[in-house]
Amino acid sequence: MIAARRIAPTRLTAGLAAAVVALALVACLVGAVTLTPGQVVAALGRGLGLDLDGARRDDVIVWTLRLPRIALALTAGAALAVAGALMQALTRNPLAEPGLLGVSNGAAVAAVGFIVLGDPLVARAPAAVVPFLVPVAAFLGALATTALILALARRSAGSATLVLIGVGVAAVSGAATGLLLFVADDAQLRSVTFWSMGSLGGARWVLVVPVAVAAAVTLAVAWRQAAALDRLLLGEAEARHTGVDVERLRRQAALAIALATGAVVAACGAIGFVGLLVPHVIRGLIGPRHRALVIVSAVAGGGLLVAADLVSRTVVAPAELPIGIVTALVGAPVLIAIARARGAA
Amino acid sequence: MIAAREVSVAIGDRRLLDQVSLTVEAGELVVLAGPNGAGKSTLLAVLGGDRRPTSGVASLAGTSPHDLGPARLAARRAFLPQRPRLTAAFTVAEVIALGGAVDAAARARALAAVGLDGLGERLYPTLSGGEQRRVQLARVLAQLGDGGDRALFLDEPTAALDPRQQHRVMALARRAADLGHAVVVVLHELTLALAYADRIALLAHGRLIACVPPRRVTEGHLALTYDTEFELVALPSGARAAIARADAPPRSRGHL
């Protein structure tokens, strides 16, 4: 008899949470300036109001460079992983990813458009606002794309239609991005390239806040709808038969996915594979029930991005690799391994 | 309990259902039979609230199922669709719990009813096609509950099952009716229909040919419905078997 072999979600969450805390501490220590655990603890304590002694340099490194970056990695990773779990339930495809809706492509058009054509606006804007112009443009692009997709999909019935419309919108956005790149100069191309491969290098507390809100909202939607998402795996008709308001669920989930991908793309550019891989792997470990899946995926997604960011800023130090390259280099082989194992089974 | 009054469903100028009227009382088991494409599943979808008729009225316990929200509808009827599409690696017990029977005893009872006792911890995708069908039926029965006074819709519940399991499934449908539920079953096995149904509704080309108790079903009804010759054979048990004759167009049509 083939019984289900699973890891208890609570144990996995505890283990992952411990790993994430350890990773975060390491991420606090390592960088252009290596700090000792004592220096980090002292700086953390000062920031929390316990005035231990007066080494200001450590405070700056910990509180304005490393902690925002860790927080951004945790929240962006969580948002992407939960959005991926939602997308995989919505399409009933265990290898779907949040980018399928086309929202990240829409955000990319806006961001690239701003980088290439936005110079006059940048020249007039106050200096303090300039670093946030691209993220704001990207987020507006994500919102506009979401509105467009939902408007186009309003009369149609299935999730398949929603995804097809998303693919169409993504293709148009891709073409528009290509057109913008065609007219861009070399310097603009470099910043577009860097942005499109993702980076946490721009992390600041003000960027962490919207991503954290997006992650929290997405997680709350997924958690509240967990039982309905389970039923959706039976099929859309069966979900309806068991009492799920499928249209409402689909709308809520699509909005949550759009919010999560929009906020993440705006803050850190396009980071691939996290939304696809994390919920898929976690589902294999603990089973498909969403109440546990979304929580564990959030923790694992956050941890994965902290680790990937640690690699991206240390492996070619003092330069930084775009984090999207790291997640793709790790994620793609894992994905291929999963596919091969499945084919052999 | 369940009623359709002059229900028609059309897609463009294609009529899937044409002026069908049918009532099913609480405690009654009605089989919908007819050739492929006759409109059986469409009628089931209208009665169960999945599909709005183009014209005519469907009602479930006095209200239109299309006016009830999904949750209230789910409390009044359970529905087994034709093809299960579940591929996620739920355990069998988890699949049954999706129907709403949360406590372990109810889940175990539902599993035992379909003859899969003790398989609760197996992974659903590792089951055979027939076993998956029976798990889905257990899920639907768990949603229905033992209370009676609800509606149960089963779309080809015996497909992919061996003869013994086909009887088990029809006995469960019969038991649900005896508990006071109104039960509608789409079925291709006419001999099973003759043995278990209170009435058999014969559909062809979207029209209701007849809706009669099994003992009043004639070879003529079946020939008209299926466009082929049938023999109704009395069995020693007292039941009747319906056997279609190979390559035999009905006599009434003559030969070209």
Side-chain angles (χ1 to χ4, degrees), chain A residues 1-9 85 88-96 157-160 225-252 279-293 338 341-342 345, chain B residues 41 44-45 48-51 65-66 68-102 116 118-128 131-132 135-136 139-140 142-144 151-155:
Chain A
M1 175 172 138
I2 314 144
R5 259 170 300 170
R6 293 179 180 169
I7 302 174
Q88 290 170 4
L90 207 59
T91 55
R92 300 195 302 111
N93 176 350
L95 286 174
S159 296
Q225 296 282 10
L229 292 167
D230 288 347
R231 287 172 174 178
L232 198 57
L233 294 182
L234 286 170
E236 293 198 0
E238 287 89 336
R240 217 169 275 125
H241 293 149
T242 50
V244 176
D245 188 339
V246 174
E247 284 67 34
R248 196 162 141 255
L249 173 65
R250 190 161 41 218
R251 239 180 2 252
Q252 280 191 10
H280 187 75
V281 169
I282 298 299
R283 191 184 297 109
L285 294 175
I286 66 167
R289 294 185 64 186
H290 284 88
R291 185 140 290 176
L293 178 65
I338 291 173
R342 197 177 266 187
Chain B
S41 293
L44 208 65
D50 272 1
R51 180 165 203 158
H66 309 97
L68 293 171
R72 288 174 65 196
L73 196 51
R76 291 182 195 202
R77 64 101 178 82
F79 200 120
L80 179 74
Q82 212 172 86
R83 279 178 296 271
R85 296 182 200 81
L86 179 63
T87 54
F90 284 114
T91 65
V92 166
E94 283 172 339
V95 174
I96 294 169
L98 294 178
V102 188
L116 294 173
L119 290 195
E121 292 312 306
R122 275 277 295 271
L123 288 178
Y124 177 85
T126 67
L127 301 178
S128 75
E131 287 170 333
Q132 292 187 349
V135 172
Q136 294 283 353
R139 166 180 72 78
V140 169
Q143 182 186 343
L144 193 67
L152 174 62
F153 299 95
L154 306 174
D155 199 347

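Quick note on labels: first sequence line is chain A, next is B, and so on, each numbered from 1.
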*Rounded to the nearest 0.5 Å, how far does CZ of R77(B) lie from NE2 of H241(A)?*
5.0 Å
*With a 4.5 angstrom heavy-atom cut-off, could you sort out which part of R72(B) is near chain A: side chain, backbone, both or neither?*
neither
*asked:* Heavy-atom pairs under 4.5 Å with chain A - which of A75(B), P81(B), A88(B) has more of them than the others?
replied: P81(B)
*Evaluate the side-chain proximity of P70(B) to V244(A): yes if any heavy-atom separation is below 4.5 Å, no if none is.*
no
*How far apart are the closest heavy atoms of P288(A) and A89(B), and which atoms are they?*
CD-O, 3.3 Å
*So does E94(B) pair up with R291(A), basic N to acidic O under 4.0 Å?*
no
*Any chance you could measure F79(B), atom CZ, to T242(A), atom OG1, to the nearest 0.5 Å?*
12.5 Å
_Heavy-atom closest contact (L123(B) atom, R6(A) atom, distance)_ = CD2-NH2, 3.9 Å
*Which region of R289(A), side chain (C-beta onward) or backbone (N, CA, C, O), has a non-hydrogen atom less than 4.5 Å from a non-hydrogen atom of chain B, or is it both or neither?*
both
*State the CG-CG distance between L86(B) and L232(A), to the nearest 0.5 angstrom.*
11.0 Å
*Nearest 0.5 Å please: distance from the CZ atom of R85(B) over to the CD atom of E238(A).*
5.0 Å
*Roughly how far, to the nearest 0.5 Å, is OH of Y124(B) from CG of L233(A)?*
12.0 Å
